[in-house]
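Remarks on the structure that follows.
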There are 2 protein chains.
Amino acid sequence: MNEIRDRLIEAAVNLGESLGLNRTVCQIYAFLYLSDQPLSPTEIGKTLGMSKGNVSINLRILEQWNAVRKVWKKGYTRPLYVANEDIEEIVMSKLKSGLEKRLNYVKPLMNEIKKSRAGFVEKKFFDEKLEKIEKLISKIEFLLNNIETVKLLTK
Amino acid sequence: MNEIRDRLIEAAVNLGESLGLNRTVCQIYAFLYLSDQPLSPTEIGKTLGMSKGNVSINLRILEQWNAVRKVWKKGYTRPLYVANEDIEEIVMSKLKSGLEKRLNYVKPLMNEIKKSRAGFVEKKFFDEKLEKIEKLISKIEFLLNNIETVKLLTK
DNA sequence: TTCGTTGTTTAATATGTTTTAAACTATGTT
DNA sequence: AACATAGTTTAAAACATATTAAACAACGAA
């Protein structure tokens, strides 16, 4: 039984890597996702064989992503943790905010370049490239703005 | 003039990072992309201030991705390099093959689990989870198979 | 053929990231 | 209050990746 769980967790780690996530974060999320009850950091650390410091750090990260949340068992002051189950939502919003940050870096640069280059030698070649880049940027933006739509399509 | 080029290259590095690419690979690709003529490894290394070994290694990687290609100036035996301009194609196909690899790891595992768990205690809870995971997998697959479509939509 | 130049490969170095150990803080129990 | 248990923080160790330097191979010119 636990072997199955462990292999599923490993698969999650595997998938997470393709998004640039670290091992621990994936393990913890998958473990919580596959658990039928809220768990304490201590239990998580013990089962997954990692230090409590590591659990603490990466639970924090998962919380910031809204991928896990605290629940309070009444009478106790220390929180337990559960996975938020809408993985898609989590992945998509991370993807979106990441790309947006980068685009907000490129876009003003493009404008600046266009101004500073009004009437210049070599203009033709360079302008062609710039135009191509701008097209690509707007395609990415279009995709970002339509992620909701795509999600609907695939539901 | 070159300052602009350098800032564009920096922006490319920035964007590339969000896909998990290393600095050098992005710099080289962007430099070639913004050049109006084929370039030699030596020129690339000199301009970007990196060792020739580094250029060599990362040109190889870019070639494997089909992101750059060799061109031969007649009379010369040593190739020069140019960027393939369809960045979208390159990014998409990398994304696709990466995800496919991971999915091909999870899918057989899911089947195995389903078989081995036919009639079991705790079944209800676990089966719900498994079903959710399967749905997610097929959504990702749907997206992968429709990337072409999405691209058409955004053209 | 010989020598200088260019490109490749590799071992080592440098850099960056993840994980832990241990000191510290907060909570719970007697 | 005193002691035990749980969680956080941070400095150091372990690990992974990227980059270089230097030995080597291929080519081009004299």
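What's counted below: heavy atoms across the whole structure, side chains too, no hydrogens, waters or symmetry copies. Lettering follows sequence order; numbering is per chain, from 1.
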Rounding to a whole Å, what distance do you find between [X]:[atom1] and [N]:[atom2]?
| X | N | atom1 | atom2 | result |
| --- | --- | --- | --- | --- |
| A/E63 | D/dG7 | CD | P | 13 Å |
| A/I44 | D/dT8 | CD1 | C1' | 15 Å |
| A/I28 | D/dG7 | CD1 | P | 12 Å |
| B/Q64 | C/dT8 | CD | P | 13 Å |
| A/R60 | D/dA6 | CZ | C1' | 14 Å |
| B/K73 | D/dC27 | NZ | P | 19 Å |
| B/K70 | C/dT6 | NZ | P | 18 Å |
| A/Y81 | D/dA6 | OH | C1' | 11 Å |

Which residues pass the salt bridge (Lys or Arg N to Asp or Glu O under 4.0 Å) test with A/E100, not counting sequence neighbours? none
To the nearest 0.5 Å, what is the distance between OG1 (A/T47) and CZ (A/F31)? 3.5 Å
Distance-only check: which donor-acceptor pairs under 3.5 Å involve side-chain atoms of residues 50-65 of chain B, not counting sequence neighbours?
unit_1: B/S51; atom_1: OG; unit_2: B/N54; atom_2: N; d: 3.2
unit_1: B/N54; atom_1: OD1; unit_2: B/N58; atom_2: ND2; d: 2.7
unit_1: B/N54; atom_1: ND2; unit_2: B/T24; atom_2: OG1; d: 3.3
unit_1: B/N58; atom_1: OD1; unit_2: B/N22; atom_2: ND2; d: 3.4
unit_1: B/N58; atom_1: ND2; unit_2: B/N54; atom_2: O; d: 3.0

Treat primed atoms plus P, OP1 and OP2 as sugar-phosphate and everything else as base, then score nucleotides 11-30 of chain C 5' to 3': B for base contact with protein heavy atoms under 4.0 Å, S for sugar-phosphate contact only, - for none. -------SSB-----BBS--
With [X] via side-chain contact (heavy atoms from CB on, under 4.5 Å) - residues at least two apart:
| X | value |
| --- | --- |
| A/N66 | A/N84 |
| B/K132 | A/Y33, A/E85 |
| B/S138 | none |
| B/N14 | A/R102, A/Y105 |

Could you pull out the closest heavy-atom pair between B/M110 and B/L130, with the gap in Å?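 Looking at all heavy atoms of both residues, the closest pair is CE-O, 3.6 Å.
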Global bending angle along the helix from C/dT1-D/dA30 to C/dT30-D/dA1, which compares the axes of five pairs at either end, to 10 degrees: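 It works out to 0° between the end axes.
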Distance-only criterion, 3.5 Å: show the donor-acceptor pairs between side-chain atoms of residues 70-79 of chain B and protein atoms not counting sequence neighbours.
unit_1: B/W72; atom_1: NE1; unit_2: B/T77; atom_2: O; d: 3.1

